[in-house]
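Everything below concerns the one structure shown next.
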Amino acid sequence: METPAYSPQELEAAVQQRWHDQQTFKAAATPSGEKFYALAMFPYPSGQLHMGHVRNYSIADAIARYQRMRGKEVMQPMGWDAFGLPAENAALKHGLAPAQWTMDNIAHMRGQLQRLGLSYDWSREFATCTPDYYRWEQWLFVKLWEKGLVYQKLSTVNWDPVDQTVLANEQVVDGCGWRSGAPVEHKEIVQYFLRITAYAEELLSGLDTLSEGWPEQVLTMQRNWIGRSEGAEIHFPLAAGDGVIKVFTTRPDTLMGATYLAVAPEHPLAVQAAENSAELAAFLERCRHGSVSEASIETQEKEGHPLGLNVRHPLTGVELPVWTANFVLMGYGEGAVMSVPAHDQRDFEFAHKYGLPVRAVIQTEGIVTGGEAMTEAYTGSGTLFNSGTFDGLANEEAKSRITAAVAAKGLGRKTVNFRLRDWGISRQRYWGTPIPMIHCPHCGVVPVPERDLPVILPTHYQLKDPRSPLLDDPEFTQVACPQCGAAARRETDTMDTFVESSWYYARFACPDAGQMLDQRAADWLPVDQYVGGVEHAVLHLLYARFFNRLLRDVGLLPADGAHDEPFRHLLTQGMVLKDGSKMSKSKGNTVDPQGLIDRYGADTARLFILFAAPPEQHLEWSDSAVEGAYRFLNRFWRLVHEYGATPPALPADLSAEAVDLRRAVHQCIDRVSRNMDGRYHFNVAIAAIMELTNSLMKVPADAPADLRAVLGEGLRALTLLLAPFAPHIAEVLWGKLGQNSVISHASWPVADAGALRCDTVTLVIQINGKLRERMDFPADADHASVEQTVLAHPAMQHHLEGKTVRKVIIVPGRLVNVVAG
RNA sequence: GCCCAGGUGGCGAAAUCGGUAGACGCAAGGGACUUAAAAUCCCUCGGCUUAUGCCGUGCCGGUUCGAGUCCGGCCCUGGGCACCA
């Protein structure tokens, strides 16, 4: 019979229609068996699916399909992270409403995703820009405000003086506004903060519970981000007048070496001192330019200026000058540092630049500390000197002794500091969740009462400039105070879009709930496998871990310990690179996957992208390698069709050749299974599938019945093994092999231990670690007989001529190394 | 600047524990089939020298019978750095 051509377009459409009609991937409201919640990070609807999406969703779907075949009850949802800056940019550019642009993009991208044949339960889909979703964020915001977990404080933003608007770090290009080109200024405005630092200890200790399921790299990054450090808070009294400058240090042992203090340019004392010094005022003004991002602050030239005031050293009473420096961060610790040039490299460089004294107080053998000969700071451990009563102490011991001495004078204490800062969630932008607060001239800041939620974001504006249209819309801003009824003004700031992505995974369990979450969230959570880009290793993943605890603490998730962490296993996929750098919409170096899918079909696109690199590694894009995946699917298609329908039963007695082929079949099942289970080395799994296909293709059509039967067994196994990667073709070929069931719900094959057994092993024979020979041995040969056989072998005698055998190392099943000299 | 990764043939990569370096695929070259092309199938494919040899996993050094893998020190590339998502 003629083999029909493999035409993926029609085939995939038909299979997708069947899945749709049979609701193959719809998950129950509540799982009854062993549940598996598979989740890929939901996309921002930028307009076009890009390769990163295809990779992300192919990986997550392969996992979901594999777990489904392993008998788990799988739920895999999909939705849209729909608020954000690009919608405003696009709206400005094209004169559209951001809502319209966003919804059009969602419609288009939904079609693209559906074309990929991902096993989603589409009935759970939502977009975060709809009031049904963001209203619960507003509800939670008010709850957290009442609990004191939301508060207001001044914070620095990038300000474009021409466009009169706040800029995102991304919109600051070389220190200037991206549209206006004007030099960016720092501006302090009142913003809302979520008290994530109240959860710092728990977010840190929770990482220990994830050591099995999360990549070590991500855990390390989060630990460093939270940055718990033990040290001391030390107060330096002002020499003139009342008051102290508080500093935090992890090195109280070096206190006797402090020669000056440095405060942030925004520090109140710096601002106050500038009133009497034009030069200082000019310096502070210079510091007010450039991006506020940490990267730009840390890489700029280190500069400082004296404030013209002194503090007293808390122990010696000696007066030390106070400087301001552009590298001191207002947001970390107290916005001030004590400077010990001898034992801190940045202080050392700063002191040399400005001629400030260097006083060494820690010494160790072989290192010069102090004097002209010192060329860099000594930051290691050692013994104290130049330190009065502390001389001779080991520096670790000195930390607690000096802290105690300072504390005894009421000028400090031992403390724990975190690098983690509270999360500022106010955005002076339009396209986001309105912050549900009202500013009343009499009552101050008042939350919107629950009965008035949601505060709906108007969507009818046409944007003309970057300024938020909410500011100029009296229908939105004019409101009566919920407390006193007086005329009040509605808050026009919106929330950081990271808020939406911090709890969507929970909402997917109960997308239609009449409250933020209901019991179904507890039933489906935690997510069993989360898949997304490494670029989210810190921010998104930390915020979601924080939110999950907030949800627990307002009673929406059980406080049973099993629901503290939102994501049990995490796979951080590598980026798709083009020409060596990240493929991203902002860089404009994207490759449109649509052409790939149109030409070769979804199965080829998926198979190629999973085969090209292991999921965690970066994938450098290349157009040329796709053909190979397509050729393989064609080969497999022909092989199954040429074989025909239902395979015959396996005879009891198999020829040696059939036994070998059957071993290859079961080795393949074993290899693919081991590379799937928890490891997800898809590229190796697919290579094993290709390898067995090559072997099976060598079986001739007129081979003996036993060989043909093993071939049939192999084809059935291969089709099952291929199903997570190329599900459409697997579905059709499964039917071709005489199976009536849907392969998506078929059982994953299990390797037969008997078929894997092998009577002989090939050992590699080395002399001094260099490969010389290969020899076959019975699988159960003992060491003595192996050694004897190897040394007696003529080739070995030749190699060993004139040498003395000193030792023979035998690694069972692998090699023999003869040490000779 | 700080934090985290990665570096293996012409290319993407493979190598549970320290034990045959380069599976599988791409590209390339040769051949079969064909009037021809496409498709398909077969063969070769790290380097040097053409050997039963030597060298080879970014660079330098170390541990070991044995190092892509472990240790120390560098170099290069990528990602994150709190308002891109």
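Each chain gets a letter, A, B and so on, in the order the sequences are listed, and its residues count up from 1.
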inquiry  = Please determine whether a side-chain nitrogen or oxygen atom of A/Asn675 lies at a distance below 4.0 Å from atom OP1 or OP2 of B/U16.
reply    = no

key: Whole-angstrom distance between B/A15 and B/G66, as gauged at atom C1'   = 16 Å

ask   = With a 3.5 Å cut-off and just heavy-atom distances, do the side chain of A/Arg814 and the base of B/U20 make a donor-acceptor pair?
value = no

message = Tell me every residue that passes ring-ring contact (aromatic ring centres under 6.0 Å, His included) with A/Phe248, counting only those two or more places apart in sequence or in another chain.
response = none

message = So, does A/Arg427 get its side chain near the phosphate of B/C83, meaning an N or O under 4.0 Å from OP1 or OP2?
response = yes

ask   = Whom does B/G61 pair with, Watson-Crick or G-U wobble, provided both distances fall under 3.5 Å?
value = B/C71

task = Determine the interatomic distance between P on B/A38 and the same-named atom on B/G47; round to the nearest Å.
result = 27 Å

message = Please classify the nucleic acid contact of A/Phe498 as base, sugar-phosphate, or nothing, using heavy-atom distances under 4.0 Å.
response = base

ask   = How is A/Met575 classified with respect to the nucleic acid when contacts are heavy atoms under 4.0 Å: base, sugar-phosphate, or nothing?
value = sugar-phosphate

Gap between atoms CG and P, on A/Leu692 and B/C24 respectively (whole Å) = 12 Å

inquiry  = Using atom P in both nucleotides, what's the gap between B/U8 and B/U57 to the nearest angstrom?
reply    = 11 Å

ask   = Can a cation-pi geometry be assigned to A/Lys153 and A/Phe193, taking NZ or CZ under 6.0 Å from the six-membered ring centre and within 45° of the ring axis?
value = yes

ask   = Quick one: A/Asn768 CG to B/U64 P, roughly how many Å, whole number?
value = 15 Å

task = Tell which nucleotide pairs with B/A85, taking only Watson-Crick or G-U wobble pairs whose two distances are both under 3.5 angstrom.
result = none

key: No-H, no-angle donor-acceptor pair, A/Glu298 side chain to B/C3 base, under 3.5 Å   = no

task = Would you state whether a donor and an acceptor, one from the side chain of A/Arg772 and one from the base of B/U52, lie under 3.5 Å apart?
result = no

request  = Return the orientation label for the A/Phe547 and A/Trp423 ring planes: parallel under 30°, perpendicular over 60°, tilted otherwise.
outcome  = perpendicular

task = Tell me the partner of B/A27, counting only Watson-Crick (N1-N3 plus N6-O4 or O6-N4) or G-U wobble (N1-O2 and O6-N3) with both under 3.5 Å; none if nothing fits.
result = none

inquiry  = Measuring only the P atom in each nucleotide, how far is B/G10 from B/A23? A whole number of Å is fine.
reply    = 14 Å

message = Using a 4.0 Å heavy-atom cut-off, does A/Pro43 contact any base of the nucleic acid, only the sugar-phosphate backbone, or nothing at all?
response = nothing

ask   = Do A/Glu500 and A/Thr433 have a side chain donor and acceptor closer than 3.5 Å?
value = yes

message = Once you apply a heavy-atom cut-off of 4.0 Å, does A/Met796 come out as touching a base, just sugar-phosphate, or nothing?
response = nothing

ask   = What integer number of Å spans the P atoms of B/U40 and B/G25?
value = 13 Å

message = From C-beta outward on A/Asn817, which listed nucleotide comes closest to its side chain: B/C65, B/U16, B/C81?
response = B/C65

inquiry  = Which label fits A/His540 and A/Tyr504: parallel for a plane angle under 30°, tilted from 30 to 60°, or perpendicular past 60°?
reply    = tilted

request  = Identify which one of A/Pro4, A/Ser7, A/Pro8 satisfies the side chain to side chain contact (heavy atoms under 4.5 Å, CB included) criterion when paired with A/Trp637.
outcome  = A/Pro4

Base paired to B/G53 (Watson-Crick or G-U; both N/O distances under 3.5 angstrom) = B/C48

ask   = Under 4.0 angstrom, heavy atoms only, what part of the nucleic acid is A/Gly533 near: base, sugar-phosphate, or nothing?
value = nothing

inquiry  = I'd like to know if A/Asn169 reaches the base of B/C83 with its side chain such that a donor and an acceptor end up less than 3.5 angstrom apart.
reply    = no

request  = State whether A/Arg631 places a side-chain N or O below 4.0 Å from either non-bridging phosphate oxygen (OP1 or OP2) of B/A39.
outcome  = no

key: With A/Arg427, the side-chain hydrogen bond (donor to acceptor under 3.5 Å, both in side chains) member among A/Asp496, A/Thr497, A/Thr494   = A/Asp496

task = Mind checking A/Ala295 for me? I need base, sugar-phosphate or nothing, with any heavy atom below 4.0 Å counting as a touch.
result = base

query = Rounded to whole angstrom units, what separation is found between the CG atom of A/Leu771 and the P atom of B/G66?
reply = 16 Å

message = Under 4.0 Å, counting only non-hydrogen atoms across every strand here, what does A/Val166 touch: a base, just sugar-phosphate, or nothing?
response = base

request  = Taking only the side-chain nitrogens and oxygens of A/Asn683, find out if one of them lies under 4.0 Å from OP1 or OP2 of B/A14.
outcome  = yes

request  = Nearest whole angstrom, please: distance from the P of B/C84 to the CD of A/Gln171.
outcome  = 8 Å

task = Remember a base hit wins even if backbone is also touched, and classify A/Asn634 as base, sugar-phosphate or nothing at under 4.0 Å, heavy atoms.
result = nothing

request  = Using a heavy-atom cut-off of under 4.0 Å over every strand shown, decide if A/Gln766 touches base, sugar-phosphate, or nothing.
outcome  = base

inquiry  = Taking any heavy-atom pair under 4.0 Å as a contact, classify A/Leu815: base, sugar-phosphate, or nothing.
reply    = base

task = Assign A/Val811 to base, sugar-phosphate, or nothing according to its heavy-atom contacts below 4.0 angstrom with the strands shown.
result = base

query = With sugar-phosphate meaning primed atoms plus P, OP1 and OP2, does A/His798 contact a base, only sugar-phosphate, or nothing at under 4.0 Å between heavy atoms?
reply = base

task = Send over the distance from A/Asp496 CG to B/C83 P, rounded to a whole Å.
result = 6 Å

Sidechain N-carboxylate O distance under 4.0 Å for A/Glu188, A/Arg288 = no

query = Using a cut-off of 4.0 Å on non-hydrogen atoms, how would the nucleic acid contact of A/Gln191 be classed: base, sugar-phosphate, or nothing?
reply = base

ask   = Has A/Thr497 got a side-chain N or O lying under 4.0 Å from the OP1 or OP2 atom of B/A85?
value = yes

request  = Starting from P on B/C4, measure out to CZ on A/Arg419 and report it in whole angstrom.
outcome  = 11 Å

key: Counterpart base for B/G6, defined by Watson-Crick or G-U wobble contacts under 3.5 Å   = B/C76

request  = For residues 190-200 of chain A, pull every pair meeting side chain to side chain donor-acceptor pair (under 3.5 Å), keeping only residues two or more places apart or in separate chains.
outcome  = A/Ser155-A/Gln191, A/Gln191-A/Gln428, A/Tyr192-A/Glu491, A/Thr197-A/Asp422, A/Tyr199-A/Asp553

Rounded distance in Å between the C1' positions of B/C33 and B/C41 = 8 Å

task = Looking only at side-chain atoms of A/His618, point me to the closest of B/A85, B/U20, B/G78.
result = B/G78

message = Can you see if the side chain of A/Asn224 gets near the phosphate of B/C4 - specifically, an N or O under 4.0 Å from OP1 or OP2?
response = yes

ask   = Given the C1' atoms of B/G22 and B/G46, what is the spacing between them in whole Å?
value = 8 Å

query = Could a donor-acceptor pair under 3.5 angstrom be found where the side chain of A/Arg429 meets the base of B/C83?
reply = yes

inquiry  = Any strand counts, and the cut-off is 3.5 Å on both contacts for Watson-Crick or G-U wobble. Which nucleotide pairs with B/U40?
reply    = B/A32

message = Taking B/A13 as the reference, what is the distance to B/C17 when you measure between their C1' atoms (whole Å, please)?
response = 22 Å

request  = Would you indicate what A/Ser426 reaches in the nucleic acid, counting non-hydrogen atoms under 4.0 angstrom: base, sugar-phosphate, or nothing?
outcome  = base

